[in-house]
Novice: 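Okay, handing you the structure first.
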Amino acid sequence: MDNNLVQIALQNVNMWAIMPSLILICFGMGLLLINVFLPRGTTKHAVWISLIGLVVTGLFVFKGWGDPQYGFNDAVALDNFAAFFNITFLVAAGLTILMSDEYLRREGYPVSEYYPLVLFTTAGAMWMASGTDMMTIFLGLEVMSVGLYVLAGFFRNQVRSNEAGLKYFLLGAFSTGFLLYGIALIYGVTGSTRLTEIGIYLNAHTSLLGNPMTLAGLVLIAIGFLFKIAVVPFHMWTPDVYEGAPTPITAFMSAGPKAAAFASFLRIMEYCFFSLKPEWTAMLWVLAVLTMVVGNVIAITQTNIKRMLAYSSIAHAGYALVGMVAANEIGYSGILFYMLAYAFMNIGAFAVLVLAGKKGEDNLTLEGFSGFGYKRPFLGVAMTIFLFSLMGLPPTAGFAGKFYIFAGAVKAGYLWLAVIGVLNSAVSLYYYLRVMVYMYFRDPLEDYAWVSMPVSVVVSIVIAIAGSLYLGIVPGFVMELAKLAVF
Amino acid sequence: MASIMFYLLSLILLTATLLCIFQRNPVHAVLYLVLGFFSLAIMFYLLGAPLVAAWEVIVYAGAIMVLFLFIIMMLGLAPQDRPEGPGWQRWLPFVILMAAVLACTLVIIALDPAATAQGEPYSLGPQDFGEALFGKYALAVQVVSFQLLFAAVGAYNLGRIQRGKGKP
């Protein structure tokens with residue numbers, strides 16, 4: 001019997017493949033330990049340490065560009081695709097952390113555990129982007145989601161925040177069930193959880209492609225991700241959760257985790273189900289149109305700006321899906337570009353919302369923005385730039401992103417889809433411009449005690465402006481990187 | 001024989017899960033869930049995974065259900081008033097289903113006392129499992145352990161009683 005004993009050793013580990021997330025986790029855990037020794041309510045050190053952690057991780061990701069690392073017997077890959085998305089997550093997390101301190105203090109929750117949770121959530125998003133195994137992707141999704149459930153309900157004494165956390169938790173757990181069921185069915189068909197092995201197996205056994213079990217698995221996996229991306233008809237949670245969650249977390253959710261879900265969705269569809277491409281592009285065509293139309297039309301009727309941005313984020317998920325329907329190089333790299341651009345412009349808009357608050361309460365209604373552009377000239381100009389970018393007007397990042405995505409759709413022969421996308425952008429002009437009309441063409445209702453402008457939030461707004469304009473004026477360089485990043 | 005038993009057990013599993021959902025008394029619900037786990041364990045055995053079957057009983061029916069019961073009792077969720085009607089009516093479904101599960105177990109033991117013939121082509125032992133867990137899925141194990149830490153931090157934050165403000 002002794003001869004049968006085998007030594008089980010960790011083989012082909014290659015820690016470099018998960019190094020970005022490891023660095024973030026080390027910083028997060030170190031921060032948790034430091035917090036123990038400091039009095040409650042001190043948060044400045046947490047902001048600095050998490051920012052340093054994000055920068056170190058970013059430098060590491062930059063250094064590893066073009067040098068793909070595979071680890072854990074191909075369960076994880078730090079290739080250019082993952083690296084590009086990692087940068088997007090880091091940008092989203094960094095901007096979020098910069099604007100959080102002021103907001104948490106104002107709402108009476110200066111809790112330093114907030115920052116490690118943001119770092120852990122980002123690490124989960126990184127696992128999703130670099131996972132090349134269903135298990136890695138699923139667990140990354142869970143790490144990310146659990147962090148977000150807590151962060152969405154972080155203001156424990158506010159009913160709206162509680163509602164957001166609980167709603168997101170229940171619906172998120174439900175959708176995770178779909179994803180897991182889909183993974184189980186695909187495992188049952190192919191006998192593997194490795195993405196490449198699944199793809200090769202399905203390609204070699206073409207009789208399995210029409211099998212109901214394969215198709216059911218494909219659809220269930222898609223539903224799991226479409227829920228996280230907030231695609232109609234799986235979008236019901238989005239407005240309530242985005243409205244109830246703390247504003248910086250709403251900003252983070254709309255950029256980082258959405259990009260992460262796109263990353264794994266793209267990778268799974270491209271690695272596993274390339275043999276079924278006509279089927280899933282047809283499915284996504286319908287969903288993309290539905291998402292763009294529903295998101296934009298409902299956003300028109302909103303009077304709460306946070307809720308309006310929630311519906312607009314649904315619409316933007318629809319634009320990005322157009323790139324997946326195109327399923328060619330320009331479409332895919334367009335998604336990567338658009339997610340980065342969206343992180344800058346949307347988080348910037350939310351940062352302005354943080355500073356638009358009155359003392360002690362949020363100021364999120366359209367009425368409350370009357371005369372805002374004259375009272376706070378800097379914030380007014382910043383908001384104008386972000387809204388232009390969200391509309392997709394040149395010379396901003398939103399224009400370049402939409403241009404690439406629709407160009408991919410046209411090149412793939414989906415002319416009508418591109419036309420519908422452009423028409424939807426025209427509809428979105430109405431509700432974005434309305435904010436600007438209130439900001440510049442209405443007299444202020446009364447003289448508010450506006451909150452002061454702390455340096456950290458201003459820095460995050462300036463970075464967001466710089467990102468939105470840079471990606472809009474000289475999109476070529478980043479687009480070349482995005483092209484190198486897709487499969 | 002195995003397929004008949006499989007469908008019988010599936011039926012029991014579905015019935016037990018439905019009954020679990022519709023119970024007003026949480027303790028009864030937990031008992032039906034235990035019943036479901038038992039029938040699932042035998043199904044795993046029929047599929048040629050005796051190891052998973054044993055875990056199903058030890059981990060789920062044993063450890064996790066004890067945790068459930070513990071929390072139910074700690075929070076005092078069980079209803080105090082006794083419902084109308086004779087007691088045996090409430091227990092009859094449970095007893096019948098449990099008897100069926102036990103009968104299936106006995107049939108398996110009678111047909112195959114040494115537990116050898118079942119699922120020869122797919123036999124999975126502890127060694128295979130360990131190799132898969134720490135070889136192919138080594139990263140998953142580590143991510144799960146990270147995740148437990150994150151969840152603990154989050155739960156602590158949401159459940160903490162604020163100093164000076166009393167209960168949330």
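This one's a predicted model, so the numbers in the text were calculated from it and none came from an experiment. First the proteins, then the strands, lettered A, B, ... as listed; each starts at 1.
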Novice: Would you say B/Phe94 has more than 12 foreign heavy atoms packed within less than 6.0 Å of its CZ?
Specialist: yes
Novice: CD of A/Glu113 to CG of B/Leu158: how many Å apart, nearest 0.5 Å?
Specialist: 11.5 Å
Novice: Non-hydrogen atoms of chain B under 4.5 Å away: do they reach the side chain of A/Asp133, the backbone, both or neither?
Specialist: side chain
Novice: Hey, which residues of residues 146-155 of chain B are touching chain A, say heavy atoms under 4.5 Å apart?
Specialist: B/Phe146, B/Gln147, B/Leu149, B/Phe150, B/Ala151, B/Val153, B/Gly154
Novice: To the nearest 0.5 Å, what is the distance between CD (B/Gln142) and CD1 (A/Ile25)?
Specialist: 10.0 Å
Novice: Answer yes or no: are there more than 12 heavy-atom neighbours, outside A/Phe155 itself, under 6.0 Å from its atom CZ?
Specialist: yes
Novice: Please indicate whether A/Tyr271 has more than 12 foreign heavy atoms, meaning atoms of other residues, nucleotides or ligands, lying under 6.0 Å from its OH.
Specialist: yes
Novice: Which atoms of A/Met144 are under 4.5 Å from chain B, going by heavy atoms: the side chain, the backbone, both sets, or neither?
Specialist: neither
Novice: A/Leu117 versus chain B, heavy atoms under 4.5 Å apart: side chain, backbone, both or neither?
Specialist: side chain
Novice: At a heavy-atom separation under 4.5 Å, does A/Leu151 approach chain B through its side chain, its backbone, both, or neither?
Specialist: neither
Novice: Given a strict heavy-atom distance threshold of 4.5 Å, which part of A/Leu22 is in contact with chain B: side chain, backbone, both, or neither?
Specialist: side chain
Novice: Can A/Arg194 be said to sit on top of B/Tyr137's aromatic six-ring, NZ or CZ under 6.0 Å from centre and within 45° of the ring axis?
Specialist: yes
Novice: How long is the span from the CZ atom in A/Arg156 to the CG atom in B/Asn157, to the nearest 0.5 Å?
Specialist: 7.5 Å
Novice: More than 12 heavy atoms of other residues, nucleotides or ligands under 6.0 Å from CH2 of B/Trp55: yes or no?
Specialist: yes
